[in-house]
Amino acid sequence: MDVALLRRAGQKTMAIGVVGMVLPFGICSATTFALRNLVSDAMDGVPFLLFFSLANSVTSFPVLAHILAKTKLLNSEMGRISVTAAFVNNIILWFLFMVMLSLAEPQADPLTPLWTTLSCVALLIFCFVCLRPIVLWLLQRIPEDQPVSNFHICLLLSIMMLAGVLTEALGFYSVTGAVFLGVMVPDGPVRVALRDKMQDIVVGIMLPLYCVTSGMKTDLRTLNEDWKLVGVLVLISVLAAFAKVVATFIVAVMYSMPLSDAFTLGFLMNTRGIIALFILNVGRHKRVLSEESFAVMIVISLFMTAVATPVVTRLQRPFRRIAGYKRRNLQRSKPDMELRVLVCVHNTRNVPAIIALLEISCPTKRSPIFIYAAHLIELAGRTSTLLIVHNSEGDRRRPTGISNPQGQADHVFHAFDKYEKQAGGVSVQTLSIMSPYSSMHEDICNLAEDKHVTLIILPFHKQQTVDGGLEPINASLKMMNVNVLAASPCSVGILIDRGLSSKSRQSRDERFSHHVALLFFGGADDREALSYGRRMIENPTVGLTVVRFVPADKPEGLSAPSPATISIVTGDGEEGKLDDEYLNEFRVRTADDESVVYTEHVTSNAVEMVSVIRAMGDTHDLYVVGRSQSEEAAALTSALTEWAECPELGPIGDLLASSDIAMSVSVLVVHQYVARPPPAGGQAAGDDREHLTPLQRFMSQVNLRSSATTAAGPAMPQAAARV
């Protein structure tokens with residue numbers, strides 16, 4: 001438990017945590033008191049009322065975090081609210097638990113429970129006022145670059161046992177003192193070392209054994225002895241669970257939370273687990289709960305925990321997929337609106353090239369770029385996902401349980417922070433995504449959807465060597481890029497870096513410091529690449545050369561015209577018409593722009609096409625190509641597809657990334673998001689034109705663009721966009 005989490009909790013989270021605990025506890029207590037005379041003496045007495053009500057009101061913090069990680073909701077706003085609310089719930093739980101323990105023992109003096117409770121509170125104050133400064137002083141003496149010694153680990157474990165003995169002597173369970181010490185230990189290397197030392201034996205051995213022994217104590221045969229008692233206990237438990245869902249739902253709606261999220265949050269707060277199991281075992285040991293009551297509550301807790309994951313998955317995931325956003329690709333984005341980009345970084349070598357690409361993308365105050373810089377870290381041997389948002393330069397703590405010996409994360413975040421300060425029209429939010437590579441694409445896509453990202457930029461799974469070649473970094477990165485391309489909710493760009501951040505190359509035109517070449521064959525991906533090129537030419541230091549390859553009418557015997565030849569070629573199919581419309585619009589807008597050069601090459605086969613690309617040489621800094629091409633260009637690219645080494649790049653991207661082309665120019669392969677068919681029973685918001693033909697979609701987009709020029713207001717303020 002991180003006590004600092006309470007200081008960062010907002011009013012909404014505190015209200016959900018308190019109401020979600022107090023209201024079910026009160027309703028369960030009142031109902032139990034009213035119905036106590038209907039059944040046997042098993043429900044009589046104040047201790048039973050408190051134990052039974054607390055077991056029905058608790059939210060298991062560890063189980064909740066596991067469910068959120070399993071359903072990929074841990075990084076969402078609802079996930080953060082539920083985790084913090086569960087933490088508040090657990091704080092109230094332990095104070096009520098101390099009161100229950102003091103009342104569970106029969107005492108001759110009525111004031112004995114009060115003195116016992118005050119003694120435990122005094123011990124808690126002593127731990128934080130006296131022991132915590134001593135522990136902090138000891139931890140400060142540990143060198144920052146050295147691991148925690150076994151002496152400090154043994155010292156803290158000894159203090160833990162001492163705290164357990166003191167709380168046991170005061171009439172409480174020893175686990176109470178251990179919890180006090182765990183809250184007292186500050187976050188840092190010592191906490192990580194303690195968890196690493198105890199994780200395997202506690203979670204792997206002792207915790208399963210505790211659950212097994214609890215199951216062995218549960219005698220389900222007792223449920224047949226008193227059906228009336230079982231029915232009343234089940235009724236009260238269902239009523240308490242319903243009260244918790246309703247209370248959480250009402251408070252969440254009062255704070256303007258979506259109805260689906262508020263309803264899901266109510267089910268999440270009903271998760272039971274090891275904490276409820278511990279309370280029931282203590283009640284059974286104190287002979288407050290009968291064998292029948294213990295068995296009923298064990299079954300109810302198991303049922304509540306078991307149904308949480310499928311219910312949350314059923315309620316939340318469809319709504320997340322249906323609730324879309326319109327600006328999912330560059331072609332549909334307005335040029336004067338904020339561009340949201342998610343850039344992924346594996347190591348420090350990826351950062352300079354990505355920052356150089358962002359500089360070429362021309363961020364301005366009129367058309368700002370909001371960058372989500374995600375540092376991808378592999379979690380080997382684990383299935384849960386962690387997403388950490390770093391809000392400031394001071395918040396660069398190493399994640400719990402994750403080693404970072406080279407300090408790569410610090411260098412990555414510092415580079416993006418520095419770029420944000422130096423560049424105008426740029427806002428950066430740094431994040432860390434820690435997940436296995438097998439499921440990391442889900443976290444990337446979920447983050448892009450949550451943040452309404454228009455473009456995801458991924459590094460290529462190979463990096464440049466000293467001799468100019470490309471060598472693989474990790475074989476899993478290739479499959480991760482393929483999975484992102486298949487599941488992405490927006491457009492995707494894969495950057496092949498060959499020194500993009502280095503000094504610009506020599507060119508015949510020295511007016512521009514960056515020279516970009518765009519190879520256009522036709523198709524949705526090429527139009528998306530051209531949309532990116534339109535944004536680049538807003539930068540006065542960028543020169544753009546658009547080269548369109550047109551298949552010859554005759555397969556052989558037709559040589560390509562001079563690069564200076566400009567002609568209008570009309571495509572035969574619908575894709576060709578869309579390409580002509582978009583290219584003609586681009587040429588009209590850039591007719592007087594000296595930074596744009598447009599050429600056409602008529603080629604009859606792949607050999608001629610490769611010859612044209614080879615003739616362009618290394619005079620450019622960056623090649624921008626589409627991942628897939630139209631059917632009209634299949635005659636030029638089909639031969640390349642058969643020999644592709646990296647099919648995820650497409651035939652042209654694979655050609656430019658291979659060593660056979662003998663070029664040392666960086667390449668950006670662009671894949672446009674294409675709306676998928678809506679799910680059964682609903683239509684995705686913002687994707688209401690999936691049933692239209694490509695030509696109809698294009699004409700609809702042109703109409704929307706023309707009508708938006710008169711109705712659109714000023715661009716979103718940068719601060720509002722950050723919120």
Side-chain angles (χ1 to χ4, degrees), residues 1-3 5-6 9 13-29 32 46-67 81-104 113 116-117 120-121 123-124 127-128 163-164 167 170-184 207 210 214 236-237 240-241 243-245 247-248 251 265-266 268-286 288-289 297-298 300-301 304-305 308:
M1 294 184 179
D2 187 5
V3 181
L5 192 66
L6 289 178
T13 305
M14 293 292 294
I16 293 175
V18 174
V19 174
M21 177 69 183
V22 175
L23 186 61
F25 183 85
I27 292 179
C28 187
S29 301
T32 304
V46 176
F48 173 84
L49 185 146
L50 294 177
F51 271 92
F52 184 70
S53 301
L54 190 61
N56 278 304
S57 307
V58 66
T59 299
S60 181
F61 182 85
V63 175
L64 175 64
H66 176 74
I67 292 176
I81 292 175
S82 59
V83 167
T84 310
F87 182 77
V88 176
N89 182 290
N90 278 244
I91 293 296
I92 302 175
L93 157 73
W94 285 106
F95 281 101
L96 293 177
F97 182 70
M98 290 190 300
V99 176
M100 288 192 313
L101 288 179
S102 62
L103 296 176
T116 305
T117 304
C120 192
V121 172
L123 177 62
L124 179 62
C127 290
F128 276 90
T167 51
L170 293 175
F172 296 94
Y173 264 63
S174 58
V175 69
T176 309
V179 171
F180 289 169
L181 181 67
V183 175
M184 182 190 67
L207 184 59
Y210 183 76
S214 299
I236 298 175
S237 300
K244 195 163 193 175
V245 173
T248 305
V251 175
L265 187 60
L268 286 173
M269 297 300 291
N270 259 310
T271 54
R272 316 284 174 84
I274 187 64
I275 298 179
L277 190 63
F278 169 71
I279 294 174
L280 295 175
N281 276 280
V282 174
R284 180 182 178 278
H285 179 71
K286 296 289 185 180
V288 174
L289 299 177
M297 288 304 300
I298 288 292
I300 292 176
S301 299
M304 289 292 182
T305 305

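Scope of the values below: all heavy atoms of this structure, side chains included, with no hydrogens, waters or symmetry mates.
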Quick one: closest heavy-atom pair of [X] and [Y], and the distance?
{"X": "Asn56", "Y": "Ala240", "result": "CB-CB, 4.0 Å"}
{"X": "Gly20", "Y": "Lys244", "result": "O-CE, 2.9 Å"}
{"X": "Ala55", "Y": "Ala276", "result": "O-CB, 4.4 Å"}
{"X": "Ala86", "Y": "Met269", "result": "N-CE, 4.0 Å"}
{"X": "Gly177", "Y": "Ala163", "result": "O-CB, 3.7 Å"}

Check whether any side-chain heavy atom of [X] lies under 4.5 Å from a side-chain heavy atom of [Y], and answer yes or no.
{"X": "Thr248", "Y": "Val19", "answer": "no"}
{"X": "Met14", "Y": "Thr84", "answer": "no"}
{"X": "Ile67", "Y": "Leu268", "answer": "yes"}
{"X": "Met21", "Y": "Val88", "answer": "no"}
{"X": "Ser82", "Y": "Leu64", "answer": "yes"}
{"X": "Leu93", "Y": "Asn90", "answer": "yes"}
{"X": "Val18", "Y": "Leu23", "answer": "no"}
{"X": "Ile274", "Y": "Tyr210", "answer": "yes"}

Check whether Thr167 reaches the backbone of Gly164 with its side chain - one donor and one acceptor, N or O, closer than 3.5 Å. yes
Donor-acceptor under 3.5 Å (Asn89 side chain, Ala85 main chain):
no
Item to complete: Please identify each residue that fulfils side-chain hydrogen bond (donor to acceptor under 3.5 Å, both in side chains) with Thr305, with sequence neighbours left out.
Response: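 With sequence neighbours excluded, Thr305 shows a side-chain hydrogen bond (donor to acceptor under 3.5 Å, both in side chains) to no residue whatsoever.
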When Thr32, Ile300, Ile27 are each screened for side chain to side chain contact (heavy atoms under 4.5 Å, CB included) with Ile236, the one that passes is Thr32
Quick check for you: to the nearest 0.5 Å, what is the distance between [X] atom [atom1] and [Y] atom [atom2]?
{"X": "Ser237", "Y": "Asn270", "atom1": "OG", "atom2": "CG", "value": "10.5 Å"}
{"X": "Phe87", "Y": "Thr59", "atom1": "CZ", "atom2": "OG1", "value": "13.5 Å"}
{"X": "Ile81", "Y": "Leu265", "atom1": "CD1", "atom2": "CG", "value": "7.0 Å"}
{"X": "Ile279", "Y": "Leu54", "atom1": "CD1", "atom2": "CG", "value": "4.0 Å"}

Quiz item: Going through the distances and angles, do Leu277 and Arg272 end up as a side-chain contact (heavy atoms from CB on, under 4.5 Å)?
Solution: CA-CA 8 Å; Leu277 190 63; Arg272 316 284 174 84; over 6 Å; no
### Task
Determine the interplanar angle of the Phe97 and Phe51 rings, folded into 0 to 90°, and report it as parallel if under 30°, tilted if 30 to 60°, perpendicular if over 60°.
perpendicular
Quick note, salt bridge (Lys or Arg N to Asp or Glu O under 4.0 Å) partners involving residues 273-284, not counting sequence neighbours, are Arg284-Glu291
